[in-house]
Q: 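My questions will all concern the structure given below.
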There are 2 protein chains.
Amino acid sequence: MTLDRKDLAILAELTTNARASHTELANKVGLSSTALARRQKALEDDGYIQAYQAALDLTLFGLTTTVLVRIALESQSDDALKAFEAEVVKCPSVVRCFLMSGTDDYILIVLARDIQDFERIHRTELSRLPRVARVQSSFALRDIVNRAVPTVVFGETKR
Amino acid sequence: MTLDRKDLAILAELTTNARASHTELANKVGLSSTALARRQKALEDDGYIQAYQAALDLTLFGLTTTVLVRIALESQSDDALKAFEAEVVKCPSVVRCFLMSGTDDYILIVLARDIQDFERIHRTELSRLPRVARVQSSFALRDIVNRAVPTVVFGETKR
DNA sequence: TTTCCCTGGGCACACCGACGCGCATCTTTC
DNA sequence: GAAAGATGCGCGTCGGTGTGCCCAGGGAAA
């Protein structure tokens, strides 16, 4: 399936106002409500729209500190990876985890209330992960860019 | 304002089904639709819910490659930082950018179609950033955890 | 060129459900 | 004990949503 620029406009708008009604979206995109409803349903059915989700302000929960954690395992054997990954998904403070190429094996993004709270997370969550050889933490001083979708997606001008 | 576990249940559900109706949410949380409507509006007004947004399947756009980029600037002077940050927000392929403590100055998360595409991004977007001394890229081989909200948020049992 | 088909768009309508309000009840707190 | 906050029920209204139908445009085949 190929998307034209109206489809992209619909997606762009829905990434901002997921609860917009058909008529509301139709006006912004320049379609009738029924044509828009068809396109939106097609975008959902084809999987372009995975879900509609509420974005929370995590600072109101006290989560103001972002930490990037580099973790190297004792070995790169298959069950070492499996064991580590099975446990890391349970860590409540971890929001991202990548298996990386290069020297560092995993990179995690952890959200904490502050530095003291990260010490607790380090003690109760990270240090209990299996097969870990080395843990290296870097604190994010500021958030410059935070996008769910790269803007390049909406710029593709097909059709 | 303090949130009880029903508020957290509402937020947890809305982070999954942002378009759920009042009655639908009320059944899941265990409230009447009017009590739920009041709470949801309060959560919106107090800023706990920042927005309702559609989550797109970026793989359907060909964006299957995640790259972590570490960028060191020539200097940490204020206008070097300002100049860099003003440009990096314009990069269409960058989804995250942190100013970091420690040796590396910035860490970016870049989405690309593949390695060749990242080469293009490196050439057309990253290498044009001002005041850059060093660029170091690591490819993510796999996505282990990808959450918008840490699960710790919904576990706090106040009230 | 003409005709047919097919895809996508727009209009109108009807139905169903959501939403918001008012009020009574209950709990909690001072 | 009283007041304030929160809950639940019921109602009416409003709006969204889905369907059917017709139309326009483009492509293909005769």
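Heavy atoms only: backbone and side chains are in, while hydrogens, waters and symmetry mates are out. Below, chain A is the first sequence line, B the second, and so on; all start at residue 1.
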Q: In whole angstrom, what separates A/Lys6's NZ from C/dG8's P?
A: 13 Å

Q: Please report the distance, rounded to the nearest Å, between CD in A/Gln40 and C1' in D/dG18.
A: 13 Å

Q: Rounded to the nearest angstrom, tell me the gap between atom CG in A/Asn17 and atom C1' in D/dG16.
A: 17 Å

Q: Atom CG of A/Asn27 and atom C1' of C/dG10: how far apart are they, to the nearest Å?
A: 14 Å

Q: If you compare all heavy atoms of B/Leu99 against all heavy atoms of B/Asp105, which two are closest, and at what distance to 0.1 Å?
A: CD1-O, 3.3 Å

Q: Categorize A/Thr34 for me: base, sugar-phosphate, or nothing, with a 4.0 angstrom heavy-atom threshold over every strand shown.
A: base

Q: Calculate the interatomic distance between A/Glu24 atom CD and D/dG16 atom P; express it in whole Å.
A: 8 Å

Q: Do B/Asp79 and B/Phe84 come close enough that some side-chain heavy atom pair is under 4.5 Å?
A: no

Q: Could you tell me whether A/Glu44 and A/Lys41 have a side-chain N and a carboxylate O separated by less than 4.0 Å?
A: no

Q: Which one of B/Leu31, B/Val29, B/Leu25 satisfies the side chain to side chain contact (heavy atoms under 4.5 Å, CB included) criterion with B/Arg39?
A: B/Leu31

Q: Which residue lies toward the 5' end of DNA chain C, A/Arg19 or A/Ser32, if each is placed at its nearest nucleotide?
A: A/Ser32

Q: Looking at the rings of B/Phe98 and B/Tyr106, which for Trp means the six-membered one, are their centres under 6.0 Å apart?
A: no

Q: Select base, sugar-phosphate, or nothing to describe what B/Ala35 touches, counting heavy atoms under 4.0 Å on all strands.
A: sugar-phosphate

Q: Just the rounded figure in Å: distance from C1' of C/dG9 to CG of A/Leu36.
A: 12 Å

Q: Is there a side-chain contact between B/His22 and the phosphate of C/dA18, meaning an N or O under 4.0 Å from OP1 or OP2?
A: no

Q: Salt bridge between A/Arg142 and B/Glu85, side-chain N to carboxylate O under 4.0 Å?
A: yes

Q: Between atom CG in A/Leu31 and atom P in C/dG8, what is the gap in whole Å?
A: 12 Å

Q: When all nucleic acid strands are considered with a 4.0 Å heavy-atom cut-off, which category describes A/Thr23: base, sugar-phosphate, or nothing?
A: sugar-phosphate

Q: Round to a whole Å and report the spacing from CG of A/Leu25 to C1' of C/dG9.
A: 17 Å

Q: Identify each atom pair where a protein N or O and an N or O of nucleotides 25-30 of chain C are less than 3.5 Å apart, giving names and distance.
A:
none

Q: Counting side-chain heavy atoms from C-beta on, which of C/dG9, C/dC19, D/dA6 comes nearest to A/Arg38?
A: C/dG9

Q: Taking A/Lys28 first and then A/Glu24, would you say they form a salt bridge - that is, a charged N and a carboxylate O separated by under 4.0 Å?
A: no

Q: B/Ser21 side chain N/O closer than 4.0 Å to the phosphate oxygens (OP1, OP2) of C/dA18?
A: yes

